[in-house]
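Just the heavy atoms: all of them, side chains too, but no hydrogens, waters or symmetry mates, feed the values below. Numbers restart at 1 for each chain; the letters A, B, ... are given by sequence-line order, proteins then strands.
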Amino acid sequence: MPNPIEQYARDLSEETREAVRKSGALTTGQRVEILQKDYEDPDALRRLAGEIKQHTIDHLDSYLEQAEASLTKAGAKVHFASDADSARQCVLGILQQSDVQRVVKSKSMATEEIHLNPFLEKQGIETVETDLGEFIIQIDEDTPSHIVRPIIHKKREEVAESFEKHGLGDYNTDPETITRRARVHLREKYMQSGAGITGGNFVSAESGRIVLVTNEGNARFSMAPNKVHIAVIGIEKIVPRDRDLAVFLNLLARSATAQQLTVYTQFIKGPRMPSQPSGPEEMHVVFLDNGRSQILGESCREILRCIRCGACQNVCPVYRHASGHAYRAVYGGPIGAVLSPLLGGKASFPEYADLPKASSLCGACREVCPVDIPIPDMLLKLRHKGKKQGVSTPGSFPMAPFATLATSPTAWRTAMTAARAMNYLPMKLAPIKPLRDWLGDRTLPKWRGGDFRRWLKTRKGNNADA
Amino acid sequence: MATQSIERAVNTEVQLMMTCLCDAFYAGVAEATVRVLEAAGCRVHVPEDQTCCGQPAFNGGDFESSRKIAQHTAKVFSGDLPIIVPSGSCAAMHLHGNGLQFENAPDEGQMGVRSLAKRTWEVCDFLVHGLGKTTWPGRLDRRVAIHDSCHTRGSGTGAAMRTLLGSIAGVELLEIGQAEQCCGFGGTFSVTFPHISTGMGTLKLDEVHAKRPDMLVSGDMSCLMHLNGLAENQERALPHCHAVEVLAEALG
């Protein structure tokens, strides 16, 4: 059985693959350009950001307390949700208390993670995504395939068809027309809703300020006309001080979309003040754990530095070939290959234990990560965890015999010479399917085992150390 | 992912770690490494009991197996001489991988493994940043495309290879596009993910051929083995060799 990601990549249309690959390659190139143009040593900035985040998660208990106090002082109500279900129930409770029937949502990976929309819909609460990409995902009953570009896997013709099907105008593939139609439709939704739900890119423990970045301004619209604002935020999104935001905001947009800054950057401190003409009267912050504090206690805790920029997805050659949906979970690409097996409880590990295998360990993800997460190390640790727990995934090769050979020098030397027989065997007919598959696309060089050792022995001033 | 910042042993008496790939397939690369090191004034020892750095097991997540191999390697390469490797990947195993797989192991369990990280050099990195060589003699009229192997990210190898090859009279270095992309080998990765791996390698070959080089050069034979294996199958093979083979050829 092939690895599921390999299978997904095989079945993926060339058109989709090209779209994903080109977008990844383009943004990867632009990211390097903009960082190098603006900073003498972008890597120093990445390391600094990584250190700030690592410090924060190493002291998350106290920063979380501080954030709670600051948010409360600013007039927000703080809730803690240990898992996806309690987060959903918490949001539902808030909505019911204010008798909210309709909700508008700004793009949020945390709410994707807890599958909030289908839950609220089932409870009879109309829930509308207002980010254009997420809106298209929603009407198509699809899921996002990229953290920042949720519909990178879709063609504009497909979008035009969906819009036509959902009464959003005649078939039209012009992006501007599509955007204008969505805009008109969504303006109504903003005005009809009773609550706005957002995520949060950062929370300052010092001030209780929440930072939201968007390029469409939809987070502002989701909040401004509504009585209630609910922000669902992973507990790892905290930074110690407001001034730390300078580091992260400078890195986030450049890493995600090669922008110096996103079009909209909102700093939200509490609900509407009496002096303000509009804005939510109630503000709720739901801090989501969902496995995060478990990760804190394990060996992959650095993954909690992640600021969800998607740069690792853009640069990853496996992601580019397979697309985000191949990873079967909310987060695709290298970040998903680490997060999915760790988030959301015990079942995640056997379920997603194959994901860390989907990497050549090339390290491109680490090179672009704005918070310097050693992603390849995490992938290795998770592979080791799988091996230790005896979780068998496609591509688990037994290595113990190899270790025996590699620690028995005499046997090793004999095998090196004996394997020359390979040169005379029809390897493409070998009764080992993975080897046959490999050789289907590739030739092997001639086996020359032992040649170098023989050469050493024949030369003057013999270098061989017995 | 080796880092240049590590202080490492420098000496003109060195130990050569030939790598299992050269032991099995690329005797010429190991020979060239000896010749190049000797030309640079080194006396080269080649411990006979050497086998493999353990990376295949390590990458598979079988740290129990790879630790055993690392301990064997530490025993074979005991002493304090620099260990020179014609592979950025195997060097990275000593410089970084061992630290990871022995992270929570007691000191006594490491049996000299830590010392490997203080002595191991990829060969070009050693010539330039260890011995201070910045020029290489000889003349070769060639357009040379350089493929940086993934495991040399953040190490001194890329710059060192360019310094040495670029200093040979007549050599024109060519930088290939999207250099940060992997060749698709990744050891067992290419076996478990043959379709994705082939796709990655094919894109890499497109970028290489776009520069119309006379030859493709890298510091890792594993990448070249993979790329050439694909290229032959796609009937667009081009001459390929390890950087030390170019240096050895320039010596005449």
Side-chain angles (χ1 to χ4, degrees), chain A residues 3 5-6 9-10 25 28 315 317-318 321-322 357-364 366-367 376-377 380-387 394-397 399-400 402-403 405-407 409 412 416 419 434-435 437-438 440-449 451-453 455-456 463-466, chain B residues 1 16 18 20 22-27 30-31 34 44-52 54 56-63 65-66 68-69 72 76 100 103 150-151 153-154 178 180-182 184-186 188-200 225-226 228-230 232-233:
Chain A
N3 178 291
I5 291 184
E6 166 78 0
R10 276 187 214 184
T28 297
V315 80
V318 176
H321 272 88
K357 290 270 169 84
S359 165
S360 64
L361 300 171
C362 78
R366 181 181 193 166
E367 220 168 39
D377 291 359
L380 280 158
K381 286 177 180 181
L382 290 169
R383 291 179 187 189
H384 181 221
K385 183 176 170 181
K387 170 75 188 159
S396 304
F397 298 96
M399 283 293 169
F402 178 71
L405 191 64
T407 50
W412 175 272
M416 275 289 158
L435 182 64
D437 286 351
W438 198 90
D441 282 342
R442 300 162 185 81
T443 58
L444 257 186
K446 199 173 162 220
W447 189 274
R448 296 185 57 194
D451 275 10
F452 173 62
R453 294 169 188 268
W455 176 80
L456 275 181
N463 316 67
D465 292 353
Chain B
M1 269 115 295
L16 171 69
M18 68 179 92
C20 61
C22 290
D23 203 355
F25 293 109
Y26 298 107
E31 289 170 24
V34 173
V44 184
H45 299 273
V46 187
E48 199 184 7
D49 285 352
Q50 60 179 291
T51 55
C52 166
F58 175 68
N59 286 355
D62 187 351
F63 291 4
S65 292
S66 53
K68 278 183 205 154
I69 303 173
H72 171 77
V76 173
L100 190 69
E103 202 171 57
C150 290
H151 285 165
R153 285 177 207 274
Q178 300 199 57
E180 86 288 347
Q181 291 291 301
C182 172
F185 181 55
T188 53
F189 168 81
S190 67
V191 181
T192 313
F193 299 86
H195 180 87
I196 296 174
S197 165
T198 299
M200 287 162 67
M225 178 179 87
H226 187 240
N228 186 63
L230 285 170
E232 278 191 353
N233 207 53

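Interface summary for chain A: among B/C182, B/G199, B/A30, the most heavy-atom pairs under 4.5 angstrom belong to B/A30. Ranked by heavy-atom pairs shorter than 4.5 Å toward chain A, the options B/G60, B/P56, B/G61, B/G184 are led by B/G61. Among the candidates A/M399, A/K446, A/R10, the residue making the largest number of heavy-atom pairs closer than 4.5 Å to chain B is A/M399. With chain B as the partner, the residue from A/A400, A/A322, A/P317, A/G386 showing the most heavy-atom pairs under 4.5 Å is A/P317. With respect to chain A, the highest number of heavy-atom pairs below 4.5 Å among B/C22, B/S65, B/G186 belongs to B/S65. Taking chain B as the reference chain and counting heavy-atom pairs below 4.5 Å, the highest number among A/A358, A/A406, A/G449 is found for A/A406. For chain A, the option among B/G54, B/C20, B/C52 with the highest count of heavy-atom pairs below 4.5 Å is B/C52.
Neither the backbone nor the side chain of B/S66 comes within contact range of chain A, judged by heavy atoms closer than 4.5 Å. For B/E180, the parts lying near chain A are the backbone and the side chain together; criterion is any non-hydrogen pair under 4.5 Å. Interface remark: B/L100 contributes side-chain atoms only to the contact with chain A (heavy atom separation under 4.5 Å). In this structure, the portion of A/H321 lying under 4.5 Å from any heavy atom of chain B is its side chain and not its backbone. Heavy-atom distances place the side chain of B/Y26, and not its backbone, under 4.5 Å from chain A. Proximity to chain B (any heavy atom under 4.5 Å) is shown, for A/L380, by both the backbone and the side chain. Neither the backbone nor the side chain of B/V76 has a heavy atom closer than 4.5 Å to any heavy atom of chain A. Contacts between A/I5 and chain B at a heavy-atom distance below 4.5 Å involve backbone atoms as well as side-chain atoms. The contact between A/K357 and chain B is made by backbone and side chain atoms together, counting heavy-atom distances below 4.5 Å. Contact of A/W412 with chain B is made through the side chain alone, with heavy-atom distances under 4.5 Å. Heavy-atom distances place no part of A/A419 under 4.5 Å from chain B, backbone and side chain included. Contacts between A/T28 and chain B at a heavy-atom distance below 4.5 Å involve the side chain alone, from C-beta outward.
The structure places OG of A/S360 at 7.5 Å from NE2 of B/H151, a figure rounded to the nearest 0.5 Å. For the atom pair CE of B/M200 and SG of A/C362, the computed distance is 6.0 Å after rounding to the nearest 0.5 Å. Between B/F185 atom CZ and A/L361 atom CG the span is 12.0 Å, to the nearest 0.5 Å. From A/E367, atom CD reaches atom CZ of B/R153 across 4.5 Å, with rounding to the nearest 0.5 Å. Taken from CG in A/L444 to NE2 in B/H226, the straight-line distance is 10.5 Å, to the nearest 0.5 Å. If you take OG1 on A/T443 and CG on B/N228, they are separated by 5.5 Å, rounding to the nearest 0.5 Å.
A salt bridge does not link A/R448 with B/D23: every distance from a Lys NZ or Arg NE/NH1/NH2 to an Asp or Glu carboxylate oxygen is 4.0 Å or more. A salt bridge links A/K381 to B/E103: one of the charged nitrogens lies within less than 4.0 Å of a carboxylate oxygen.
No side-chain donor-acceptor contact under 3.5 Å links B/S190 and A/R442. A donor-acceptor pair shorter than 3.5 Å cannot be found between the side chains of A/N3 and B/T192.
Residue A/K385 qualifies as enclosed at atom NZ: its count of foreign heavy atoms under 6.0 Å is above 12.
Side-chain N or O atoms of A/R383 include one that pairs as donor or acceptor with a backbone N or O of B/N59 at under 3.5 Å. Judged by distance alone, with hydrogens and angles left aside, the side-chain atoms of B/Q181 form no donor-acceptor pair with the main-chain N or O of A/A25 at under 3.5 Å. Under a 3.5 Å cut-off, the side chain of B/E31 and the backbone N or O of A/F452 do not form any donor-acceptor pair.
Side-chain contact between A/E6 and B/P194 is present, with at least one heavy-atom pair separated by less than 4.5 Å. By the 4.5 Å heavy-atom criterion applied to side chains, B/H72 and A/P409 are counted as neighbours.
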So A/D441 and B/L230, side-chain contact (heavy atoms from CB on, under 4.5 Å) or not? Walk me through it.
CA-CA 6 Å; A/D441 282 342; B/L230 285 170; 4.1 Å; yes
Residue pair B/D62, A/F397: steps toward the side-chain contact (heavy atoms from CB on, under 4.5 Å) verdict
CA-CA 9 Å; B/D62 187 351; A/F397 298 96; over 6 Å; no
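Shortest non-hydrogen contact noted between A/A403 and B/I69 is CA-CD1, 3.7 Å. Counting all heavy atoms, side chain and backbone alike, B/N233 lies closest to A/G440 at ND2-O, 3.2 Å.
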